[in-house]
Amino acid sequence: MPDATARLSGALAVLVLAAAACGGASGPLAVTDVWSRASAAGQETGVVYFEISGGASSDALLGVTVPRAIAAGAALHETVAADATGTTMAGHDMGDMGDGMTMQAVSRVPIGAGATVVFEPGGYHVMLLGLVEPLVAGASFEVTLTFESAGEIVVVAEVRE
Amino acid sequence: MHGMSAPNRGRWRRRVPAALLALSLLVAACGESGPYIPAGLVRTPYPEVGHLALPESTNGGADFNFRAQPGELLLLYFGYTGCPDICPTTLADLRAALRQIGDRAERVEVAFVTIDPDRDADSVMTAYIHAFFAEGHGLRTDDPDLLATVSAPLGVNYSVSANPDGYIEVVHSAWVYVIDEQGRLLLMWPFGTEPEDIAEDLKHLFKDLDADA
Ligand SMILES: [Cu+2]
């Protein structure tokens, strides 16, 4: 019996390795192309963008932090369509004139197995609140992302013009 | 897709130009010689906005009219400096577009109006717009009625409201308005218009402008 179990898990391990070798969709969750926009003197807020490639099983992004030397706080945000009274209009047709946009906090960003979730202008972004100093193009800083399953992943954001 | 100077703005790109795309397909079907279809939206008749003005933070509070200098074009945008996503993306796209039109960029002025004057002091406005455009104009008024008056003819929507927990929610429309020396609103680009498309529109606007001159 122990033999059989050992043999079985050995076979499973080979299978998992084989699957992992077959392509990105089955690799571990990865965060790439991490960048932040340079900010002007006096500007209180900043932003970080990146791309998340989901791993073999589904996961979720739950939170984000940056060093205190960079900003007082960081939060997951999403830019959404809204009318000017502040009520968001999900799925609203942007073809109308006078439409508004706003940002809202997001508590959980699902990352499907093998899926790609992009944090980009006009969509999901990390909002930096209370910038300590202006972000200068060419500089870089650490960003810690907390995932439900993958745990903490530390990446480096490059500040771009 | 996610290059350094022209990041993708996926969701907005998909939604906005569907009608335009249909139009250009129609035109394409009729042959090569169709009229130029701008990426921006053209309103007819052109709204007249040249009589409108706001104090210019970057020029000691002197009135700045919504009208271009002779032979030039004015690009006008309404936002706030605490906006880290939409506003800087738009200004960076404009900067990228101006780098694609050669000498003509010297005939384009950019002005940024704050819809959040309580938090955007004159000094902040100046630093912000100059971070993108060395000669950019920052416009700001403390008078909410004046801001509403100049916003209406353009179709700018905005609201700044404090939630009970103190968080200040800002909603604003995010178009870039192109205005000529007569104060006519020639064209407006929605958020997410690619710099290449903005550059192409500007080239055509200048072609018309120089043909008329
Ligand atoms: Cu935000």
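A, B, ... follow the sequence lines: proteins, then strands. Residue 1 opens every chain.
Listed options Ser123(B), Ala174(B), Ala127(B) were ranked by heavy-atom pairs under 4.5 angstrom with chain A; first place goes to Ala127(B).
Proximity to chain A (any heavy atom under 4.5 Å) is shown, for Arg119(B), by neither the backbone nor the side chain. Using a 4.5 Å cut-off between heavy atoms, Phe78(B) does not touch chain A at all.
Judged by distance alone, the side chain of Thr45(A) and the main-chain N or O of Gly82(B) form a donor-acceptor pair under 3.5 Å. With hydrogens and angles ignored, the 3.5 Å screen pairs no side-chain donor or acceptor of Ser173(B) with any backbone N or O of Gly100(A).
Taking every heavy atom of both residues into account, Arg37(A) and Thr89(B) meet most closely at NH2-OG1, 3.1 Å. In terms of heavy-atom proximity, Asp85(B) sits nearest to Thr79(A) at OD2-OG1, 2.6 Å. Considering all non-hydrogen atoms of both residues, Ala40(A) and Tyr128(B) come closest at CB-CA, 3.6 Å. Shortest non-hydrogen contact noted between Met103(A) and Tyr80(B) is CE-OH, 3.8 Å.
At most 12 heavy atoms of other shown residues, nucleotides or ligands fall within 6.0 angstrom of atom CG in Asp103(B). Atom CD of Glu148(A) has more than 12 heavy atoms from other residues, nucleotides or ligands within 6.0 Å.
A distance of 12.5 Å separates CE in Met101(A) from CG in Asn157(B), rounded to the nearest 0.5 Å.
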Decide yes or no on side chain to side chain contact (heavy atoms under 4.5 Å, CB included) for Glu44(A) and Val124(B), but give the supporting numbers first.
CA-CA 10 Å; Glu44(A) 293 273 320; Val124(B) 176; over 6 Å; no

